[in-house]
Amino acid sequence: MPLVSTSKLLTAVLAAGWLAEALAGKNSDVEAGIAAYNSGDHEAALTAYAAAEAELGERPEIFYDRGLALVAKGDKDEARKAFERGTESTHPDVHASSEYELGNLDLDAEAFDPAIEHYIKCLKAKPDHANAKWNLELALLKKKQKEEEEKKKQEEEKKDEEKKDEENKDEQKQDEEKKDEQKQDEEKKDEQKQDEEKKDEQKQDEQKQDEQKQDEQKQDEQKQDEQKQEKGEQPQPQPQPQPQLDKADLDKALEQLDAEDNFQLDRPARQIRVEKDW
């Protein structure tokens with residue numbers, strides 16, 4: 001439902017009545033201000049109210065009418081100040097309407113708590129203020145809707161935060177798993193490296209042992225040679241390794257021997273005289 005406000009014409013007429021009663025007589029500047037307001041000339045209305053204030057003093061009733069002109073002009077900040085002065089009136093209609101207009105300004109600004117407070121003050125001063133009752137219900141409804149929207153928004157934000165937390169936890173878990181895998185790979189590489197180093201050390205030890213063994217054998221042979229020399233024995237030459245004959249070379253040598261054979265069909269190729277030597 002749209003915001004309900006007192007019509008300008010009705011407000012102006014009532015204001016004139018309030019002022020006539022509150023000021024104990026009509027004032028030409030006030031009447032001129034009301035007429036200018038009703039015709040839509042808000043600047044002229046404000047000028048007339050200023051003249052009335054100069055003559056009558058700072059009366060809450062004049063501030064209320066000024067507030068209406070300021071709202072129509074669009075100057076809500078100055079209108080609020082004028083209506084706050086209007087609440088100082090002892091006239092119940094002026095006091096209630098000032099509270100009502102303050103409630104409307106807060107309702108427009110979606111300041112629901114102060115709007116509700118102003119509407120309640122209006123109804124305390126004038127319980128039959130129908131527009132105040134309507135706008136009070138509207139303010140309560142809008143406040144409830146806003147609270148529900150804020151609650152829903154908070155729940156959604158909470159869900160989003162929980163979702164982000166879960167995503168962050170999953171990412172952290174993946175990072176930890178990745179780090180563990182990298183650590184395991186590094187440990188495996190270290191183990192392989194240690195095994196290789198160990199094998200290299202074993203190989204070096206074996207080579208060293210072989211060298212030591214050869215040195216010991218050589219020393220023993222030298223010692224034996226020295227002992228034989230002391231006894232006048234010639235050291236026996238070390239057996240030389242026999243060269244390996246290739247099969248092709250062996251076949252060739254056999255063919256050469258066959259070619260040089262002087263016997264054919266198991267008989268010598270020529271008669272050789274054998275001298276008897278016995």
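Just one residue in the list Asn104, Leu140, Ile116 forms a side-chain contact (heavy atoms from CB on, under 4.5 Å) with Asn135, and that residue is Asn104. Evaluated for a side-chain contact (heavy atoms from CB on, under 4.5 Å) with Leu136, the options Leu141, Ile120, Asn131 yield exactly one hit, Ile120.
One distance of note links CG of Asp170 with CG of Asp165; it measures 11.0 Å at 0.5 Å rounding. Interatomic distance, CD of Gln172 versus NZ of Lys179, reported as 9.5 Å (0.5 Å rounding). Remark: Lys223 NZ to Glu216 CD distance equals 12.0 Å, nearest 0.5 Å. Within the model, atoms NZ of Lys159 and CD of Glu161 stand 13.0 Å from one another, a figure rounded to the nearest 0.5 Å. In this structure, Leu123 CG and Tyr119 OH are separated by 10.5 Å, a value rounded to the nearest 0.5 Å. Taking CD of Gln217 as the start and CG of Asp210 as the end, the distance is 10.0 Å to the nearest 0.5 Å.
Side-chain atoms of Glu167 and Lys163, non-hydrogen and from C-beta on, do get closer than 4.5 Å to each other. Taking 4.5 Å as the limit, every side-chain heavy atom of Tyr37 sits out of range of all side-chain heavy atoms of Asp65. In this structure, the side chains of Lys143 and Asp113 come closer than 4.5 Å at one or more pairs of heavy atoms.
A salt bridge between Glu53 and Arg66 is present, with a side-chain N of the basic residue lying under 4.0 Å from a carboxylate O of the acidic one. Remark: Glu147 does not engage Lys151 in a salt bridge, criterion side-chain N to carboxylate O under 4.0 Å. Using a cut-off of 4.0 Å between Lys/Arg side-chain N and Asp/Glu carboxylate O, Glu155 and Lys152 are scored as not salt-bridged.
Within the 3.5 Å criterion, the main-chain N or O of Ala36 finds a donor-acceptor partner in the side chain of Ser39. For His95 (side chain) and Thr90 (main-chain N/O), no donor-acceptor pair under 3.5 Å exists by modelled atom type.
Nearest approach of Asn27 to Ala52, heavy atoms of both residues: OD1-CB, 3.8 Å. Nearest approach of Tyr49 to Val30, heavy atoms of both residues: CE2-O, 4.0 Å. Nearest heavy-atom pair, Tyr64 versus Ser97, reported as atom, atom and distance to 0.1 Å: OH-CB, 3.4 Å. Heavy atoms only, all atoms of each residue included: Lys73 and Leu46 are closest at CD-CD1, 4.3 Å. Minimum interatomic distance between Lys146 and Glu110 (heavy atoms only, all atoms of both residues): NZ-O, 3.6 Å. The shortest non-hydrogen separation linking Ala96 to Lys126 is CB-CB, 3.7 Å.
Considering only residues two or more places apart in sequence or on other chains, Glu58 meets the salt bridge (charged side-chain N to carboxylate O under 4.0 Å, His left out) condition with Arg85. Partners of Arg80 under the salt bridge (charged side-chain N to carboxylate O under 4.0 Å, His left out) rule, at least two apart in sequence or in another chain, are Asp106.
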**Item:** Audit row: Tyr100, His129, ring pair (Phe, Tyr, Trp, His ring centres under 6.0 Å) steps and yes/no
**Value:** CA-CA 9 Å; Tyr100 172 74; His129 199 299; 4.7 Å; yes
**Request:** Start with the C-alpha distance between Lys76 and Val71, add both sets of side-chain angles, then the distance that settles side chain to side chain contact (heavy atoms under 4.5 Å, CB included), and finish with yes or no.
**Result:** CA-CA 6 Å; Lys76 294 183 179 181; Val71 169; 5.7 Å; no
**Prompt:** When you look at Glu149 and Lys153, which way does the salt bridge (charged side-chain N to carboxylate O under 4.0 Å, His left out) test go after all the steps?
**Reply:** CA-CA 6 Å; Glu149 289 175 357; Lys153 184 178 179 181; over 6 Å; no
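Under the 3.5 Å distance criterion, with hydrogens and angles disregarded, a donor-acceptor pair is assigned to the side chains of Glu61 and Ser89.
When hydrophobic clusters are built by joining Ile, Leu, Val, Met, Phe, Trp and Tyr residues whose side-chain heavy atoms come closer than 4.5 Å, directly or via intermediates, Ile62 is grouped together with Ile34.
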